[in-house]
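Accompanying notes for the structure given below.
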Amino acid sequence: MTAKLAIRRLATGVPGLDEILGGGLPEYSFNLIAGQTGSGKTTLAHQLMFSMASSDCRALFFTVLGETPLKMLRYQQQFDFFDMTKVGESVRFVNLADEVLRGDFSFVLKRIIEEVEKYDPALVFVDSFRSVSATGVDNPAAAMSLQQFVQQLGVRLTSLQATTFLVGEYSPADSETIPVFTVADGLIWLSQNVLRSSMVRKIQIGKMRGQPMVPGLHSFRIRSEGVRIFPRLIMPPKASASPAASVVPPLQRLSMGIAALDEMMAGGLPMGHSLLVSGPSGSGKTQLATAFLAEGVHSGEAGVIVAFDSSPSRSPNRQLEQMVAAGDVGVISTRALDLSIDETLFDLTQMVHKMNARRVVIDSLSGLELALAPEFREDFRESLYRMVNQLTMHGVSVLLTSELEDRYTDFRFSPYGSAFLTDAIIVQRYIEIEGQIRRVMAVVKIRASAHSHAIHEYHISDDGIGIGAALTEYSGLLSGHPRAH
Amino acid sequence: MPTDSEPELRNITVSLMREIRVAQDTVGVAHATAGLWECIARQLAPIIGLGGFHSLFLRSLQLTRASLPWLALADSSDRSQAQTVDLLLNLDGRDANEALGASDLLLSNFIELLVVLIGGALTLRLLRPLSRNDAAYEPSPESPE
């Protein structure tokens, strides 16, 4: 008997929760679901219960004061997870209001233990535990203190082999003074923040004894199907360099779908690289992205476009529309203004996996930034970094477009300082030569690869982008004041 | 009760009223009705609390008074949200048929209210044990039966 105990982890059935918990809920753990009013605690508790409960895993839900049981039953059954057939069978509700109103924890503890012994549930919920905690506060004659009650409740329920969830309206400041925070094996914080009319829900695993949870705040949504968590992406540490790893394999190139551009890029975009296409409005960024996707489709690679500016199905870009209609290119189109990067990336990776896509276009960074909830915009650069890396580390090639006003006094590629995030940059500009507006394009960088440094004029027609010869007879093109040699 | 659960809920109502229908007189109906409510309270209070049950009962009584303005609780009945259920109707001056009709309507209104609040399916799941197991219905010892 030298083997260490392997704690069984219960799958919660709440999308994304097992991932941030570090693999599920430890069996027989004593957990606290905490947060302010309206943060989704009761919904999460119900979803956990209905998802996990079965004839072999019965659940007992103690209601107290706070949300009345009638209202709770009325509203919670609006969610898809509320399984009527489990009520009274594997799920049972018990109201503790009478015991709580007697003002002594000993009555509450006695009733909870009696019911648990009688029904023998694997899962126990108490909602709201804050109301229970208030029981004996004003009763000097109470036989049991809150600390004793919490301690005994934890011990007894674990002994009765129940995984327990106490649900309560707490704020982070309470965690210093309220005993249940110390006794709990697991702590799940829920919050909702409102900033400039946009509401964002977040979940944090404060602690989960015995297992490595994913730290930090994760965004989540509550929809008719219940809670869905979008785990915050954390980049895995880079593997330590080994002699074998130091041998760089030759880069496999992806054609951009424009022969002359491939030539400028020394054969195309290296596979698994990210490319920023930067230029002013109307310069042909979306056309270039379309050519990139079309070339993939032509060689049997599906693609995905995340369109924030306009829906490709209503796009004047006929080629893109056709690829979408044929199912060769998947679309994520949103005008929402409260997204998180993690939610966007969740949708994107789902579609990439579903379609086995190798090429992704994000059109555009300005649209993406606008679609994010204001509080996420502050971390836009960091979020973008995580997003691009998450895609490219799986071998997906990513093309991002960035709209940039033509300013001839500086030479920037995006307003987000995000140029360093991408492996390659193509810049498009308007220039004026002999009283005419013309378009030029150049490859600014391709990481670990040679490329052309020439500035080429290009034209946009119904057939797409046509790149002409390098404008070698001029200098000062990007300054807005070209001079013929 | 315009739900899929309606037929079974009607059957439950009939089943619950069975013991009351056998009462011989108005007093018998009143006591059998009180026994029924005690039984319903015993079934629902663990789930919605005794306070929740009382508030539903009083609302049902109020709704029933729209058709039967004379219907009230007996003075001895406990109208508060106390630990006990003592819901004896005052049926003085009514004949057995009138009393029975009032009891029936009160029960129907209660079930209908429950359906409005938590839906027919859940109401059915909560009340079904009362009708499925007749032993669950045990009139209080005071019932003159």
Side-chain angles (χ1 to χ4, degrees), chain A residues 46 49-50 53 59-104 107-108 110-112 114-119 121 124-128 131-132 135, chain B residues 1-9 12 38-63 78 80-86 109-133 136:
Chain A
H46 269 92
M49 178 172 70
F50 279 105
L60 200 48
F61 198 105
F62 290 100
T63 56
V64 195
L65 303 171
E67 188 174 4
T68 64
L70 266 177
K71 279 191 180 176
M72 189 188 68
L73 292 171
R74 176 176 168 81
Y75 293 118
Q76 289 298 319
Q77 65 179 284
Q78 306 308 310
F79 290 107
D80 298 348
F81 59 71
F82 193 100
D83 185 347
M84 206 73 74
T85 62
K86 290 186 178 178
V87 177
E89 303 295 332
S90 54
V91 165
R92 192 167 287 183
F93 292 92
V94 173
N95 187 260
L96 288 177
D98 296 336
E99 283 74 16
V100 169
L101 290 172
R102 292 176 77 175
D104 192 326
F107 294 115
V108 180
K110 183 168 176 280
R111 177 80 192 280
I112 290 177
E114 275 174 6
E115 293 290 345
V116 171
E117 284 177 340
K118 195 164 67 183
Y119 189 54
V124 171
F125 297 79
V126 182
D127 185 7
S128 132
S131 302
V132 173
T135 298
Chain B
M1 289 176 253
T3 67
D4 296 342
S5 322
E6 190 178 352
E8 198 179 343
L9 282 168
I12 286 175
E38 192 181 332
C39 183
I40 295 173
R42 205 183 304 148
Q43 171 67 14
L44 295 184
I47 300 164
I48 62 172
L50 202 51
F53 166 78
H54 270 284
S55 61
L56 285 179
F57 177 85
L58 292 175
R59 171 63 177 157
S60 308
L61 190 62
Q62 183 196 7
L63 292 168
D78 185 352
S80 69
Q81 298 180 2
Q83 302 300 311
T84 57
V85 180
D86 180 8
N109 281 337
F110 182 86
I111 292 176
E112 205 162 317
L113 179 59
L114 208 48
V115 169
V116 167
L117 290 173
I118 62 171
L122 195 52
T123 301
L124 203 51
R125 293 197 78 81
L126 297 184
L127 295 182
R128 197 183 273 145
L130 290 176
S131 129
R132 195 164 47 193
N133 177 13

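Per chain, numbering begins at 1; letters A, B, ... match sequence-line order.
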Please report the closest heavy-atom contact between [X] and [Y], naming both atoms and the distance.
| X | Y | value |
| --- | --- | --- |
| B:Gly119 | A:Gln77 | N-NE2, 4.3 Å |
| A:Arg74 | B:Ile118 | N-CG2, 4.1 Å |
| A:Phe93 | B:Ile47 | O-CG1, 3.4 Å |

Query - Part of B:Leu114 lying under 4.5 Å from any heavy atom of chain A - result: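 Side chain only.
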Query raised in the report: At a heavy-atom separation under 4.5 Å, does B:Leu44 approach chain A through its side chain, its backbone, both, or neither?
Result: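 No part of it gets close to chain A.
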Report task. Select one option (side chain, backbone, both, neither) describing which atoms of A:Phe82 are under 4.5 Å from chain B's heavy atoms. Result ->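 Contact with chain B involves the side chain of A:Phe82 alone.
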